K.L.:
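Supplied in structure tokens, the structure appears directly below.
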Protein chains: 2
Amino acid sequence: MSLITEPVASFSPLYEQIKALLLASLQSSEWLPGAPIPSEMELAARYAVSQGTVRKAIDELSAQNLLVRRQGKGTFVATHQEEGGQYRFLSLEPDSGQPFHLKNQFLACKTLQSDAYIADLLEINGGDLIIQIERVQCISGRPTVFEEIWLPEELFRGLSLESLNAWSDPVYALYEAKYSTHMVRAEEKIKAVLADAAISIHLQLPVGSPLLSVERVAFTYGDKPVEIRRARYDTSEQHYGNKLN
Amino acid sequence: MSLITEPVASFSPLYEQIKALLLASLQSSEWLPGAPIPSEMELAARYAVSQGTVRKAIDELSAQNLLVRRQGKGTFVATHQEEGGQYRFLSLEPDSGQPFHLKNQFLACKTLQSDAYIADLLEINGGDLIIQIERVQCISGRPTVFEEIWLPEELFRGLSLESLNAWSDPVYALYEAKYSTHMVRAEEKIKAVLADAAISIHLQLPVGSPLLSVERVAFTYGDKPVEIRRARYDTSEQHYGNKLN
DNA sequence: TAGTGGTCTAGACCACGGA
DNA sequence: CCGTGGTCTAGACCACTAC
């Protein structure tokens, strides 16, 4: 068959064209996070290709964590809910290796005008409204992470301090449940910095303590940036773990 | 066909058994880094399976960066040489985004008895001989990385300060060229620390400056740890970049 | 032109999960 | 039991590389 009259990814392997079509269905919310997509046979029929070609497309999307295969059950849209309070994008782990629990304390949630720096990262116009959140996260009672989060107000209108503090799961699950925004991937830039007066209070540490600075841009479908974070980690008992290959 | 009489990975999909056989050939140095492995058809004949099954095995190994496919030419064993002086495992990048060049200055290379900590990470016996290397790396003339490296002496016998300073490519290329040891993957633990007196001299920074501490364990085939590193990065003009998905 | 990896197909059978 | 994804096969044809 031929899909080369389709507007998307015309001159490329069939499975790339199928991938683009599947991505379009994800991006348009035809299939919601956590929901099953049609079976491989159904999709093969819909797109008039063989099951093996659909399979290769789904394989690549599930390798990117956009879809999740479950043998005997079906293929599902990846979600930050249903992960049992896990933090998929959090690389912090205790030096001890013990499992740990993060306790959230949200401090502020304000709407204000974006400065040029945040606007640039969020690909919005300078001066557009953004939501700014502050929180502290504790590990076994010890304040360990101080974090500022910026979101475009247009997508997260109405987000309040009360709703944040009423939510016990990762905020990425909240974004999905209440704002139909699924985070697909993120990029982090990490530096070492010294605690200033404000942060030293939040983390109950002396001014000048070494802290890990973690700046994150998170993207939803279509590589659209929708969240900026600036975090400070106290790494005296924890570390940021990374695997290279 | 049936490979279930083979000793390796007996009760598993055929392509997993093929993967194990390919891995065994890599680990035994039957195919050396940079060299081509037999064609898919040859391997299919050798193992008496279909080409598609060999293909799936190779696909997974190349996804893990153990093999590299080159259309029209063949499939090659991954190597740290031929990468044009690139540092595959180095996550440091300038804030400016500009391309950069790292200049190596090796300071010391000693053979000594391992302490318990390093021996444990290298999975050798405490007191066994290890080689300890110290170096500084500069970006545009500015000392930016101070690094200590520990290697098991048994595998790297004869490594000297002179041979290190005569080598301009990544040390992982040297390990391959002179010690037949190819690094497959690595794990890093990152913290923020303060510069002590010794490091402040090496990096020409005030004592108490914030530094990124990066501890790495690198593994060769068979998940065998063969190199430990402890580095200190000056992140005032650089950052450690990480992608999450 | 020959040989390599890359794509696509059609069909068989297996393994798992749920009714 | 059926429907799902998972494995395996055999064969055709394409795209790229090198001689």
Side-chain angles (χ1 to χ4, degrees), chain A residues 1-6 8-22 25-26 31 34-78 82, chain B residues 1-6 8-22 25-26 31 34-78 82:
Chain A
M1 63 76 74
S2 163
L3 286 179
I4 58 171
T5 54
E6 295 291 332
V8 184
S10 297
F11 298 106
S12 54
L14 257 187
Y15 74 87
E16 288 287 356
Q17 301 177 42
I18 304 301
K19 254 177 75 174
L21 293 169
L22 296 176
S25 291
L26 290 170
W31 306 319
I37 71 171
S39 74
E40 296 182 352
M41 287 310 242
E42 278 181 79
L43 290 168
R46 174 189 301 193
Y47 300 130
V49 299
S50 79
Q51 187 244 14
T53 300
V54 170
R55 186 167 188 79
K56 172 138 187 169
I58 292 178
D59 275 347
E60 298 208 351
L61 293 176
S62 75
Q64 294 168 61
N65 294 312
L66 291 167
L67 297 175
V68 178
R69 293 174 164 292
R70 289 183 201 144
Q71 181 171 143
K73 299 173 76 174
T75 301
F76 298 78
V77 181
E82 300 180 356
Chain B
M1 61 78 72
S2 163
L3 287 179
I4 58 172
T5 54
E6 295 292 331
V8 183
S10 297
F11 299 106
S12 53
L14 258 187
Y15 74 85
E16 288 286 356
Q17 301 178 42
I18 305 299
K19 253 176 76 173
L21 293 168
L22 295 176
S25 291
L26 291 170
W31 306 317
I37 71 170
S39 74
E40 295 181 352
M41 287 309 239
E42 277 182 80
L43 290 169
R46 173 189 303 193
Y47 299 131
V49 300
S50 79
Q51 188 246 13
T53 300
V54 170
R55 185 165 188 80
K56 172 138 186 168
I58 292 178
D59 275 347
E60 299 208 350
L61 293 177
S62 75
Q64 293 168 60
N65 294 313
L66 291 167
L67 297 175
V68 178
R69 293 176 166 291
R70 290 182 201 145
Q71 180 171 147
K73 298 172 76 174
T75 300
F76 299 77
V77 181
E82 300 180 355

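Letters go in sequence order (proteins before strands), and every chain restarts at 1. The structure presented is a predicted model; accordingly, all values stated were derived computationally and were not measured.
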K.L.:
Verify the contact: side-chain N or O of B:Thr75 to OP1 or OP2 of C:dT4, cut-off strictly under 4.0 Å; return yes or no.
P.N.:
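Answer is no, no contact under 4.0 Å.
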
K.L.:
Measure from CE on B:Met41 to C1' on D:dC13 and round the result to the nearest Å.
P.N.:
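Taking atom C1' of D:dC13 as the reference, CE of B:Met41 is at 13 Å.
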
K.L.:
Give the nucleotide from the list C:dC8, D:dG5, D:dA10 with an atom nearest to the side chain of A:Gln71.
P.N.:
D:dG5

K.L.:
Just compare C:dC8, C:dG5, D:dT9 and give me whichever is closest to any side-chain atom of B:Val49.
P.N.:
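Of C:dC8, C:dG5, D:dT9, D:dT9 is nearest to the side chain of B:Val49.
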
K.L.:
Which whole-number value in Å describes the distance from A:Asp59 CG to D:dC8 P?
P.N.:
14 Å

K.L.:
Mind calculating the distance between CD1 (A:Ile58) and P (D:dT4) to the nearest angstrom?
P.N.:
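The distance from CD1 of A:Ile58 to P of D:dT4 comes to 12 Å, rounded to the nearest Å.
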
K.L.:
Give, for atom OG1 of B:Thr75 and atom CD1 of B:Ile37, the distance between the pair rounded to the nearest 0.5 Å.
P.N.:
5.0 Å

K.L.:
Check the distance between D:dG5's P and A:Glu42's CD and give it to me in whole angstrom.
P.N.:
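It works out to 9 Å between those atoms.
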
K.L.:
Can you check the A:Leu14 CG to C:dT9 P distance for me, whole Å?
P.N.:
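Distance check: A:Leu14 CG to C:dT9 P gives 6 Å.
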
K.L.:
Over how many whole Å does the gap from B:Glu40 atom CD to D:dT9 atom P extend?
P.N.:
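Atom CD in B:Glu40 sits about 14 Å away from atom P in D:dT9.
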
K.L.:
Determine the contact category for A:Arg55: base if any of its heavy atoms lies under 4.0 Å from a base atom, sugar-phosphate if only primed atoms, P, OP1 or OP2 are that close, otherwise nothing.
P.N.:
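Counting heavy atoms under 4.0 Å across all strands, the contact made by A:Arg55 includes a base.
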
K.L.:
A:Tyr15 has a side chain; which of C:dC8, C:dG6, C:dT9 sits nearest to it?
P.N.:
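Closest of the options to the side chain of A:Tyr15: C:dC8.
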
K.L.:
Among D:dC8, C:dG17, C:dG5, which nucleotide has an atom closest to any side-chain atom of A:Lys73?
P.N.:
C:dG17

K.L.:
To the nearest Å, give me how far apart CD (A:Gln51) and C1' (D:dG5) are.
P.N.:
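Rounded to the whole Å, the gap is 8 Å.
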
K.L.:
Take atom CD of B:Glu60 and atom P of C:dG5, then tell me their distance rounded to the nearest Å.
P.N.:
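Computing the B:Glu60:CD to C:dG5:P distance gives 17 Å.
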
K.L.:
Rounded to the nearest 0.5 Å, how far apart are CD of A:Glu40 and CG of A:Asp59?
P.N.:
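Those atoms lie 7.5 Å apart.
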
K.L.:
Enter the distance from A:Leu22:CG to A:Trp31:CH2 here, rounded to the nearest 0.5 Å.
P.N.:
5.0 Å

K.L.:
Which sits closer to the 5' end of DNA chain C, A:Gly72 or A:Lys56, going by the nucleotide each is nearest to?
P.N.:
A:Lys56

K.L.:
What distance separates B:Gln64 CD from B:Lys19 NZ, expressed to the nearest 0.5 Å?
P.N.:
5.0 Å

K.L.:
Would you mind telling me which of C:dG6, C:dC16, C:dC8 lies closest to the side-chain atoms of B:Arg69?
P.N.:
C:dG6

K.L.:
Looking only at side-chain N and O atoms, does B:Ser39 come under 4.0 Å of OP1 or OP2 in C:dT4?
P.N.:
yes

K.L.:
Which nucleotide in the set D:dT9, C:dT9, D:dT7 lies at the smallest distance from any side-chain heavy atom of A:Ser50?
P.N.:
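It is C:dT9.
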
K.L.:
To the nearest 0.5 Å, how far apart are CG in A:Leu26 and CG in A:Leu67?
P.N.:
5.5 Å

